[in-house]
*Asks:* 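For reference, the structure I am asking about is given below.
Note: hydrogens, waters and symmetry copies are ignored here, and every other heavy atom, side chains too, is used. These numbers come from a predicted model, not from an experiment. First listed ligand is number 1; within each ligand, the first listed atom is number 1.
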Amino acid sequence: MTRLVWRTAGESHGRGLVALLEGFPAGVELDLARIDADLARRQGGYGRGGRMRIERDHAEVLSGLRAGRTLGSPIALLIENRDATIERLPVPGNPRPGHADLAGCQKLGMRDPRAVLERASARETAARVALAAIGRQLLEPFGIEVFAHVVELGGQAARADAFEAAGGRRAELRAQSEFFGLDPALEEPWRRAVDQAREQGDSLGGVFEVRALGLPPGLGSYHSGPERLTARLGGALFSIPAIKGVEFGLGFEAARRPGSRVHDPIVPRPAGAPGSQFGRFARASNGAGGLEGGMTTGEPLVVRVAMKPIPTLRQGLPSVDFESGEPVRATYQRSDVTSVPACSVVGEAMVLLELCDAFLSKLSGDSLDEVRGAYAAHCQRLREL
Ligand code: EPS
């Protein structure tokens with residue numbers, strides 16, 4: 001069983017971010033421009049602040065690649081920071097509510113929010129997005145697409161069927177959206193909400209959805225709790241800064257309905273119908289969001305993720321000065337008004353990395369050819385079931 005292991009290092013205003021990926025098979029042709037394209041997407045979205053005008057994220061591949069193909073050895077990436085001012089930046093005299101500042105200072109026993117915030121910053125997520133852009137290029141040849149879109153911002157929700165309504169135009173519609181959404185009717189209200197929050201020195205949260213199409217049934221495991229794909233995806237999504245909720249399929253709504261209106265009927269799949277490569281069993285609905293027993297069902301994975309408003313506010317939230325112990329307004333330097341669109345790219349990345357791990361755990365191989373063989377054998381067994 002191959003396990004995909006990833007790590008990142010780097011501070012927000014340090015020299016740069018480093019990312020490491022181990023367990024990735026040999027022989028995968030990588031289009032490096034696609035890594036930078038995902039990095040650029042993560043930098044975008046309406047409501048970003050001044051920092052994104054400074055950075056122009058580019059991933060340099062340091063190892064694991066020869067002649068454009070992976071070697072099976074660890075892949076190391078470097079993303080340099082343009083704003084590498086960590087040694088000159090002031091130490092804030094008070095912790096910001098909602099950020100890691102205070103709990104981090106309490107953990108370290110130091111009156112030094114900068115020691116904490118530099119690593120707690122969501123800047124680190126650029127490294128994850130770069131790694132996931134590699135993972136995407138492993139999954140795509142197997143017909144697997146992972147796609148995130150923003151469904152709610154500042155309490156205003158897109159139409160519930162926005163993904164279905166977009167159909168095959170989803171990538172195009174999302175690329176046209178300043179919020180990486182699929183409901184053009186929401187562009188103007190969302191823009192107004194962000195402008196208003198900016199004027200008021202406030203910030204906005206929201207919800208994004210990640211879908212994964214083309215997953216074969218049987219990825220993940222019911223053998224032990226931590227191996228359940230639901231747990232791994234949930235943990236991965238909650239590892240993104242500012243995430244407060246994750247729901248699969250019907251999510252919390254499933255708890256309100258009787259079982260007869262929650263569970264997805266198992267129905268015969270007519271020969272040749274979409275999904276026939278995965279066998280004779282289909283589902284009449286997808287309330288489970290593509291997961292049962294901690295494994296993929298063969299239906300699309302559907303997960304929605306709630307992001308809180310970012311905690312650095314121009315208006316400054318109530319805090320306490322470290323030295324005087326007196327109430328003060330939290331320090332403000334600069335920040336985004338909303339980063340929900342960017343966060344949707346990060347959510348997509350986390351789902352990609354977890355699905356790559358689940359895919360390679362089930363369909364192991366040292367090389368892409370071996371993985372292809374394992375995939376073909378799995379599909380064959382599914383059709384014979
Ligand atoms: C962040 C604060 C801002 C954001 C940053 C996350 O950075 P700065 O303090 O330099 O203005 O721009 O996000 C990124 C740098 C990024 O690449 O997404 C924070 O405090 O978490």
*Asks:* Return a yes/no value for Ala122: is any of its N or O atoms, backbone included, closer than 3.5 angstrom to an N or O of ligand 1?
*Replies:*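 Indeed, backbone or side chain, Ala122 has an N or O that close.
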*Asks:* List the closest protein heavy-atom neighbour of atom 4 (C) of ligand 1: residue, atom name, distance to the nearest 0.1 Å.
*Replies:*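 Result for atom 4 (C) of ligand 1: Asp336 OD2, 3.9 Å.
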*Asks:* Distance alone, cut at 3.5 Å: any donor-acceptor contact between the side chains of Thr312 and Arg96?
*Replies:*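 Yes, Arg96 and Thr312 have a side-chain donor paired with an acceptor closer than 3.5 Å.
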*Asks:* Nearest to atom 14 (C) of ligand 1, what protein heavy atom do you find, and at what distance?
*Replies:*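 For atom 14 (C) of ligand 1, the nearest protein heavy atom comes out as Met52 CE, 3.5 Å.
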*Asks:* Would Arg48 count as being in polar contact with ligand 1, using the rule that some N or O on each side must be under 3.5 angstrom apart?
*Replies:*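 Indeed, backbone or side chain, Arg48 has an N or O that close.
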*Asks:* As an exercise, identify every atom of ligand 1 less than 4.0 angstrom from a heavy atom of His13.
*Replies:*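 Those atoms are 8 (P), 9 (O), 10 (O).
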*Asks:* Which residue and non-hydrogen atom of the protein lie closest to atom 1 (C) of ligand 1, and at what distance in Å?
*Replies:*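 Checked against all protein heavy atoms, atom 1 (C) of ligand 1 sits closest to Ser121 OG, 3.7 Å.
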*Asks:* So for ligand 1, is Asp83 a polar contact partner (N or O within less than 3.5 Å, distance only)?
*Replies:*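 No; the residue has no nitrogen or oxygen that sits under 3.5 Å from a nitrogen or oxygen of the ligand.
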*Asks:* What I'd like to find out is whether the side chain of Leu117 reaches to under 4.5 Å of the side chain of Ser12, using heavy atoms alone.
*Replies:*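 The answer is no; the side chains never approach within 4.5 Å.
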*Asks:* N/O of Asp57 under 3.5 Å from N/O of ligand 1, yes or no?
*Replies:*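 N/O-N/O distance below 3.5 Å does not exist for this pair.
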*Asks:* Taking only heavy atoms of His99, which atoms of ligand 1 are found under 4.0 Å from at least one of them?
*Replies:*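 Near His99, the atoms of ligand 1 are 19 (C), 20 (O), 21 (O).
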*Asks:* Tell me whether the guanidinium CZ or amine NZ of Arg198 lies under 6.0 angstrom from the six-membered ring centre of Tyr46 and within 45° of its axis.
*Replies:*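 Here Arg198 passes the 6.0 Å and 45° test against Tyr46.
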*Asks:* Is any NZ, NE, NH1 or NH2 atom of the basic residue among Glu253 and Arg256 found under 4.0 Å from an Asp or Glu carboxylate oxygen of the other?
*Replies:*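 Yes, Glu253 and Arg256 are salt-bridged.
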*Asks:* Can you tell me which portion of Arg123 lies within the under-4.0 Å heavy-atom range of ligand 1? Options are side chain, backbone, both, or neither.
*Replies:*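 It is both backbone and side chain that touch ligand 1.
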*Asks:* Quick one: look up the protein heavy atom nearest atom 12 (O) of ligand 1 and list residue, atom name and how far away it is.
*Replies:*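 Protein heavy atom at minimum distance: Arg51 CB, 3.4 Å.
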*Asks:* Does Gln43 approach ligand 1 within less than 4.0 angstrom via side chain, backbone, both or neither, non-hydrogen atoms only?
*Replies:*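 Near ligand 1, Gln43 shows nothing, with every heavy atom at 4.0 Å or more.
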*Asks:* Out of the candidates Leu237, Ile240, Ile243, Val305, only one should pair with Val346 under the side chain to side chain contact (heavy atoms under 4.5 Å, CB included) rule; please name it.
*Replies:*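 Option passing the side chain to side chain contact (heavy atoms under 4.5 Å, CB included) with Val346: Ile240.
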*Asks:* Do Phe208 and Glu348 have side chains that approach each other closer than 4.5 Å (heavy atoms only, starting at C-beta)?
*Replies:*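 A side-chain contact under 4.5 Å is absent here.
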*Asks:* Do ligand 1 and Thr125 have nitrogen or oxygen atoms that lie under 3.5 Å from each other?
*Replies:*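 So ligand 1 has no N or O lying under 3.5 Å from an N or O of Thr125.
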*Asks:* Which one of Arg211, Arg136, Arg170 satisfies the side chain to side chain donor-acceptor pair (under 3.5 Å) criterion with Glu145?
*Replies:*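 The residue from Arg211, Arg136, Arg170 that satisfies side chain to side chain donor-acceptor pair (under 3.5 Å) with Glu145 turns out to be Arg170.
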*Asks:* Does Leu138 reach the side chain of Leu368, with side-chain heavy atoms less than 4.5 Å apart?
*Replies:*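 Side-chain contact under 4.5 Å: yes.
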*Asks:* Answer with yes or no whether the side chains of Thr331 and Asn94 bring together a donor and an acceptor at under 3.5 Å.
*Replies:*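 Yes, because at least one side-chain N or O of Asn94 sits under 3.5 Å from a partner of the opposite role on Thr331.
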*Asks:* Looking only at protein heavy atoms, which one is nearest to atom 18 (O) of ligand 1, and what is the separation?
*Replies:*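 In this structure, atom 18 (O) of ligand 1 has Arg42 NH1, 2.8 Å as its nearest protein heavy atom.
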*Asks:* Tell me whether Arg334 reaches ligand 1 (any heavy atom closer than 4.0 angstrom to a ligand atom).
*Replies:*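 The answer is yes: ligand 1 sits under 4.0 Å from a heavy atom of Arg334.
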*Asks:* Do the side-chain N and O atoms of Arg42 and Thr125 include a donor-acceptor pair separated by under 3.5 angstrom?
*Replies:*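 There is such a pair (donor and acceptor under 3.5 Å, judged by atom type) between the side chains of Arg42 and Thr125.
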